[in-house]
Amino acid sequence: MKKYIKSLIAFVLAMPLATSCTDYLDKAPGSDIMPTDPYKNYTNFQGFIEELYNCIPNITANNWHQCWNYGEEEMIEPGNRPRFFANDIDEGNYWEWNTREYSHWRAGYNDVNNDDPKTHAHYYGYCWHGIRKANMGIASLDKIVKATQEERNLIEGQLYFFRGFFHFMLMQYWGGLPYIDTDLNGQPLNLPRLTYQETADKVAADLQHAADLLPMDWDQTAVGKATLGNNNLRINKIMALTFLGKNLLFAGSPLMNKVSGGAATYNAEYCKRAAEVLGQALKLCKETGRYELAPWEKYQDVFITYNQGDKLPGLKEAIFFEDVRGGMVRYRWNQINDWMSNEILASGIKIFPTAGYVDLFGMANGKPIKDITKADPESGYDPEHPWRNRDPRFYYNFIYDGVNVVKNKSAFNNDKELCYASLYTDGKMRTKNPTKACMTGYMNKKFCHQWLNTTDGYRDGVGFWLQLMRLADVYLMYSEAVANGFGSLTATAGGFSMNALDAINTIRDRAGVGHVDAAYTGSVDKFMEELRRERAVELSFEGHRFTDLRRWLLLDKAPYNQKKAVYFDRGSDAQDIYDDPQNAKVLNIREEVILQRNFSEKHYWFPFLRDDVDMFEEFKQNPGW
């Protein structure tokens, strides 16, 4: 007889059975509730569904610190690196996803309704629990006694969305899964792992079914009138369509096509399907205004809010958030402190953007920087003035040498090495405290204010929640899907009027960046060089890079497996640098690799827990683990 090992999946997929007892004191909790009560009408059934919203992964809740960027974009201070799963990624030790102190992946499932921001970041466990609960709901749809057709559609649409969504969230990192589409409730666990594309097809069916049932905006429904103005996080048609499109694009990407038995190239059919769906979503957004790109002058409001209470950022660009519980609390203690120099903010575990990643932020004319040590007449890049005429998103994302980082300068004894970023080779922020030094030569200000220090007060009142889907990403996915699905930069899909070039240039137009240069429009392969760079720039530090590098089969390739620091001497008078850092002159600029990641093919996927794959023969471990 096959031995079934007790494990996480056995826990979350097997429905607990209530006991019957005549002794009142021995009654199981809820034993007086009729089995049909949670489903008998819209109000009860929606109450049952509410827990699914709490199962949405909380990416940024990492026991008070940040640890969600696993590409080549960040470097953690040396002394605390072993505490972070990002360090385990660098070392190729993916086994630590379930045990590391700073990791949101954990398999445990304790109380999905717990509001403690330290303990509800259980990506793996909550996804499986959400799948189980969605299946329980789907199996109980026939128990609704009293509901309008609109109410029935809303219930069913949410359930199918969540079942597809949670499978997709898992398969991005673990690959093809046993697709759980029934309420197992004590049945033997013997479902085989499907290929990635087979799993994606099942996800697609669920998300399409959800999109067919859900409204564009709950405020426009009869049900939504009761909570008018508070429905923005409710699952809607655009959410279903955009995740459907993302699921199909990922299925058509080189890694996923390869592991499903195809070539290590894009699968055109999956990309066409993705393009059609994403085009449909963008067309609906254009026609209705349900979601819109934020104007450049409001760009910061896409990512953080300041002194606006618990107001979520994102404006109308945000489509889908991580679990939003506890955001302001964990951000203030201590997540926000991680991004700034220890010399002006002596708190937090310091995490800085790598120089190689910063190099991806090219010139304002839209052209890339080919080599930061060499002048390039074509793009206008000058190594003696490396901060001049850069993509405006460079200035939004990064603090570089000479930038003012303190308002109340007297609090720092007017020490200009502290009041202005001293990030040149011998600068105080790089030499005074070696264990906390800004080792890469840049600081990140995408999710915080420029004057984040101990005196100016910008740690408080800031709201930060990560978006798992925003409209800019949809434009870029559409561009990628059209180009690789139709083999053309001028094709369109889904009834949307834009082609691949139009879509990427729409994102650049918002930032005031030049369009994709003609040197990159002669073929799809050349265009993809700029598309990959554009995703790195626009979606920087939002948790996409690791997945993108993996699906493009670039994770183990140079320079993507390297982390770099920049070194240079100042060539201008200090006061001139402080007055106009963008035009400061530097000398002897160079970069060095400070960390080399030695990846092999197995590092394209996380390993499953050993107990999980030992449960039954059909549940296979990922290769190499």
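The model shown is predicted, which means the values in this text are computed figures rather than measured ones.
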Salt bridge check, [Y] against [X]: does any charged N sit closer than 4.0 Å to a carboxylate O?
X: Lys446; Y: Glu542; value: yes
X: Arg81; Y: Asp90; value: yes
X: Arg273; Y: Asp201; value: yes
X: Lys367; Y: Asp376; value: no
X: Arg470; Y: Glu538; value: yes
X: Arg597; Y: Asp556; value: no
X: Asp401; Y: Arg570; value: yes

Subject >> All side-chain hydrogen bond (donor to acceptor under 3.5 Å, both in side chains) counterparts of Asn389, not counting sequence neighbours >> reply: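 Listed in chain order: nothing, the list is empty.
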**OP:** Could you list the residues that satisfy side-chain hydrogen bond (donor to acceptor under 3.5 Å, both in side chains) with Asn583, not counting sequence neighbours?
**Re:**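 For Asn583, the residues satisfying side-chain hydrogen bond (donor to acceptor under 3.5 Å, both in side chains) (neighbours in sequence not counted) are Arg388, Asp580.
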Subject >> Residue among Trp605, Trp105, Tyr604 satisfying side-chain contact (heavy atoms from CB on, under 4.5 Å) with Tyr173 >> reply: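 Among Trp605, Trp105, Tyr604, the one that satisfies the side-chain contact (heavy atoms from CB on, under 4.5 Å) with Tyr173 is Trp105.
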Original post:
With sequence neighbours left out, what residues match Asn80 under side-chain contact (heavy atoms from CB on, under 4.5 Å)?
Top reply: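 Applying side-chain contact (heavy atoms from CB on, under 4.5 Å) to Asn80 gives Glu77, Arg83, Phe84, Ile349, Lys436.
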Original post:
Any chance CD of Glu101 has more than 12 other-residue heavy atoms, nucleotides or ligands included, within less than 6.0 Å?
Top reply: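 Yes, enclosed.
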**OP:** Using a cut-off of 6.0 Å, state whether more than 12 heavy atoms not belonging to Lys374 lie near its atom NZ.
**Re:**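 Incorrect, the count does not exceed 12.
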Original post:
Between Arg508 and Arg393, is a side-chain contact (heavy atoms from CB on, under 4.5 Å) present by the stated rule, with each step listed?
Top reply: CA-CA 10 Å; Arg508 292 190 173 192; Arg393 292 168 294 184; 4.3 Å; yes
Name the residue from [options] that meets the ring-ring contact (aromatic ring centres under 6.0 Å, His included) definition with [X].
X: Trp174; options: Phe168, Phe606, Trp625; answer: Phe606
X: Trp387; options: Tyr424, Phe361, Phe568, Tyr381; answer: Phe568
X: Phe85; options: Tyr70, Trp68, Tyr123; answer: Tyr70

**OP:** Take Phe394 and Tyr400, measure what ring pair (Phe, Tyr, Trp, His ring centres under 6.0 Å) needs, and give me the verdict at the end.
**Re:** CA-CA 10 Å; Phe394 168 85; Tyr400 54 98; 5.3 Å; yes
Original post:
Do Phe541 and Phe447 pass the ring pair (Phe, Tyr, Trp, His ring centres under 6.0 Å) test, and can you show the C-alpha distance, the side-chain angles, and the key distance before you say yes or no?
Top reply: CA-CA 9 Å; Phe541 311 108; Phe447 302 125; 7.4 Å; no
Original post:
Just by distance, do the side chain of Tyr331 and the backbone of Trp465 share a donor-acceptor pair under 3.5 Å?
Top reply: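 Side chain of Tyr331 to backbone of Trp465: no pair is present.
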